[in-house]
Participant: 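Sharing a structure here in structure tokens format.
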Amino acid sequence: MWQGRRVVLGVTGGIAAYKSVLLARGLTELGATVDVVLTRGAREFVGPVTFEAVTHRPVRGSLWDRDGALDHVTLGRAADLIIVAPATAHLLARAAAGMADDLLTALLLATPSPVLIAPAMNDEMFANPATQANLALLRGRGWTVAGPVAGPLAEGPSDRLGRMMEPDQVLGHAERVLRRAGPLAGRRVVVTAGPTREPIDPVRVISNRSSGRMGYRLAEAAWRRGADVTLISGPTALIPPVGVTLVRVETTEELAGAVGRALPETDVLLMAAAPADFRPATVLKGKKPRVEGAQTLELVPTSDILLSTIGHRPPAMTVVGFALETGDAVAQGRAKLRNKSLDLIVINDALQPGAGFDVDTNIVTILDKKGGEESVTLRSKAAVAEAILDAVERYRD
Ligand code: CTP
């Protein structure tokens, strides 16, 4: 995705400039060519040598140095994306006014490329109507604004907006901007993730070992591809990915309800959750005390959510099921593809090391209804998520 892309990273004078070093390094590691432009203020916080060390390229700073006075035109024209992080209130004001009094503002005025800004400033400065008006103007001109977020500021704790978004989140926004013409851009994607929990009594539950990681990675990757993502999640300890709408559920019936409500508006359903297939026939009102001897728990089946969507699916919707198998995984997966009327199924063999619930990697086979079959070898769940979305895009093409 980033290989061969050119990014101009403008850095302005805020304490969050140190975060931009990580952003520059992350982009470079992903294969992008990163030209850093520092304002005078930025140099007070982080020097050019640091950025040059992580980008392996000269840092620009003035309209008048290096290759001469045309940097602002050539750099801006060659870039696939301009990122300004951190963007101070002063930079927003200068950009909104169309000023061109240094290399960064001149470049922003001269560029035809998409612009992403990550504001960072004192919370009062951010809340000030002048700053808000400048941001509204810049948004109206098509710029994308990432953050700021709430959290500690340089001058101390704050629960108000002002802090720069973390570098990996800015990177997510950057990818979303670049992919805004891609096949999933603007599509409504629903991802289910994690286990469900079926109560036995007010304190005990039946559940499974699903961590939710595969679903969370899928939601994150789909959002980066420009989709509007709803993540319906069973109980997990994971941090929700930036940008997605999170719906929390507990039981399989709640999951079924949330999927049913989202269904009419859904373009792609990725059913990565591991819903409990059974629940206790009755839920005890009080905590069951310990008693001597064996105990029997009567279980009844929950509804099969994918099956129950048949007949209610929008005609153009793509339905992706997941199967965790222990026997002949591909044959069992193929049967589920048919029986649940799926477009694609992602199969993993729970007994293979590096695959399944508790690890951050996966090995999968992706089958589709048209006869496609792809083996995805051992890799991180984030990379498997990309392979799954590539398969979905190809299938819908
Ligand atoms: N699934 C579902 N509703 C359930 C259970 C599972 O929609 N009550 C979905 C899962 O989210 C997954 C797919 O069905 O996308 C296959 O899940 P899996 O547990 O492998 O299949 P089951 O149909 O439950 O079959 P079995 O457990 O017998 O292998």
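Computed from a prediction, not measured in an experiment: that's the story for all the values here. When reading the values below, keep in mind they use all heavy atoms of this one structure, side chains included, and skip hydrogens, waters and symmetry mates. Atoms within each ligand, like the ligands themselves, are counted from 1 in listed order.
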Participant: Which pairs count as ring pair (Phe, Tyr, Trp, His ring centres under 6.0 Å) when at least one residue sits in residues 208-236, sequence neighbours excluded?
Facilitator: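 Matches after skipping sequence neighbours: His173-Trp223.
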Participant: List by chain and number: which residues place a heavy atom under 4.0 Å from ligand 1?
Facilitator: Met271, Ala273, Pro275, Asp277, Thr302, Ser303, Asp304, Ile305, Leu306, Gly321, Phe322, Ala323, Leu324, Lys336, Lys340
Participant: Mind jotting down which residue pairs meet the ring pair (Phe, Tyr, Trp, His ring centres under 6.0 Å) criterion with at least one end in residues 115-139? Sequence neighbours excluded, please.
Facilitator: none
Participant: If only side-chain N and O atoms count, and only distance matters, is there a donor-acceptor pair under 3.5 Å linking Asn134 with Thr131?
Facilitator: no
Participant: For Gln295, look at atom CD and say whether over 12 heavy atoms of other residues, nucleotides or ligands are found less than 6.0 Å away.
Facilitator: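 More than 12 heavy atoms, drawn from other residues, nucleotides or ligands, come within 6.0 Å of this atom.
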Participant: Looking at Glu198 and Arg204, is there a salt bridge between them, counting it only when a charged N and a carboxylate O are closer than 4.0 Å?
Facilitator: no
Participant: Taking salt bridge (charged side-chain N to carboxylate O under 4.0 Å, His left out) as the definition, give me every residue that meets it alongside Asp328, ordered by chain and number, with sequence neighbours left out.
Facilitator: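 Not a single residue meets the salt bridge (charged side-chain N to carboxylate O under 4.0 Å, His left out) criterion with Asp328.
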